[in-house]
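Atoms within a ligand are numbered from 1 in the order they appear, just like the ligands themselves.
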Amino acid sequence: MTHTVFYTATTLDGFIATPDHSLEWLLSRKSDADGPMGYNTFLPTIGAIAMGASTYQWLLDNSPAGEPWPYTVPTWIFTHRTFPARTDAVDVRFTHDPIPEVHERMSEAAGDKHIWIVGGGDLAGQFADHTLLDEIIVSIAPVTLGSGQPLLPRLLELKTTEVAHNGEFAAIRYEVLHP
Ligand SMILES: NC(=O)c1ccc[n+]([C@@H]2O[C@H](COP(=O)([O-])OP(=O)(O)OC[C@H]3O[C@@H](n4cnc5c(N)ncnc54)[C@H](OP(=O)(O)O)[C@@H]3O)[C@@H](O)[C@H]2O)c1
């Protein structure tokens, strides 16, 4: 089974974006992409990506004009919305097929690499519902928001496998324990 990881940043109180999908609380902070559990080490391990419609919309809204799509691996966008067709040559696929079916396609695409669930939290939870989420890597920012888009609105038992300090963040790796 292809290793599937939810890799994300969160506030201390468990939100990955504000109620209106702002990431200002995150983007202003210092981290070391080459440091423990950093992005530069993580990304080369990934062979396929999944994200929800709001995350995709955030990328559309916040990518500076002319900046290319940030990923080179096949990416599945879970949505019921109709997004404009892409005019670049990137591999972005829109789907609302059942999670296990899409996971199987993602596994084929990923080969011997891993699957990254970018977010949101409920989408990661849907993979967990099907015991298709193996690992969670969170970078906890030193901030609380009080409300927002949830990190992972599920009851899951986890095992802590790595803890580190990266820039302003506490980075923690968890194995998802499936009963
Ligand atoms: N802090 C971080 O590192 C980080 C990481 C990732 C994302 N984010 C941010 O966090 C926020 C996440 O937003 P969100 O909580 O709304 O989650 P999301 O997963 O980005 O978007 C949720 C939407 O995805 C669609 N969707 C989810 N599951 C689906 C399924 N099985 N089939 C078809 N469509 C499905 C639905 O939209 P429709 O049915 O309307 O299409 C749903 O309303 C965004 O602002 C994003 O930018 C932050």
Considering only heavy atoms from C-beta outward, does the side chain of [X] approach that of [Y] to under 4.5 Å?
{"X": "Ile115", "Y": "Thr2", "value": "yes"}
{"X": "Phe6", "Y": "Val176", "value": "no"}
{"X": "Thr4", "Y": "Met106", "value": "no"}
{"X": "Trp58", "Y": "Met51", "value": "no"}

Considering only protein heavy atoms, which is closest to [atom], and at what distance to one decimal place?
{"atom": "atom 36 (C) of ligand 1", "result": "Ala53 CB, 4.4 Å"}
{"atom": "atom 16 (O) of ligand 1", "result": "Ser54 OG, 2.9 Å"}
{"atom": "atom 18 (P) of ligand 1", "result": "Gly120 N, 3.3 Å"}
{"atom": "atom 26 (N) of ligand 1", "result": "Phe78 O, 3.6 Å"}
{"atom": "atom 46 (C) of ligand 1", "result": "Thr55 OG1, 3.4 Å"}
{"atom": "atom 44 (C) of ligand 1", "result": "His21 ND1, 3.3 Å"}
{"atom": "atom 4 (C) of ligand 1", "result": "Thr8 OG1, 3.6 Å"}

Should you measure from each heavy atom of [X], which atoms of ligand 1 turn up under 4.0 Å away?
{"X": "Gln126", "result": "27 (C), 28 (N), 29 (C), 30 (C), 31 (N)"}
{"X": "Trp58", "result": "47 (O)"}
{"X": "Val118", "result": "5 (C), 6 (C)"}
{"X": "Leu23", "result": "48 (C)"}

Are [X] and [Y] close enough that their ring centres sit under 6.0 Å apart?
{"X": "Trp25", "Y": "Phe15", "answer": "no"}
{"X": "Phe94", "Y": "Tyr56", "answer": "yes"}
{"X": "Phe78", "Y": "Trp76", "answer": "no"}

Selection from [options] by shortest heavy-atom distance to [atom]:
{"atom": "atom 39 (O) of ligand 1", "options": "Arg81, His80, Met51", "answer": "His80"}
{"atom": "atom 10 (O) of ligand 1", "options": "Thr11, Ile16, Thr79, Ile77", "answer": "Ile16"}
{"atom": "atom 9 (C) of ligand 1", "options": "Ala17, Ala50, Gly125", "answer": "Ala17"}

- request: Answer side chain, backbone, both or neither: which part of Leu59 comes under 4.0 Å from ligand 1, heavy atoms only.
  value: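 Neither part.
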query: Counting only heavy atoms, which portion of Asp122 has something under 4.0 Å from ligand 1: side chain, backbone, both, or neither?
result: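 Neither part.
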Under the side-chain contact (heavy atoms from CB on, under 4.5 Å) test against Thr10, which residue among Ile172, Leu26, Val138, Ile136 passes?
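Per the side-chain contact (heavy atoms from CB on, under 4.5 Å) rule, the option paired with Thr10 is Val138, out of Ile172, Leu26, Val138, Ile136.
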Contact (N/O only, under 3.5 Å) between Ala9 and ligand 1:
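Yes, at least one N or O pair falls under 3.5 Å.
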- Verify the distance criterion only: is there a donor paired with an acceptor across the side chains of Thr11 and Asp13 at less than 3.5 Å?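 Per modelled atom types, Thr11 and Asp13 side chains form a pair under 3.5 Å.
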- Residues Asp34 and Asn40: side-chain donor-acceptor under 3.5 angstrom: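 Note: Asp34 and Asn40 side chains meet the donor-acceptor criterion.
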Side chain to side chain donor-acceptor pair (under 3.5 Å) partner of Arg93, chosen from Asp97, Thr95, Asp91: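 Answer to the side chain to side chain donor-acceptor pair (under 3.5 Å) test with Arg93 among Asp97, Thr95, Asp91: Asp91.
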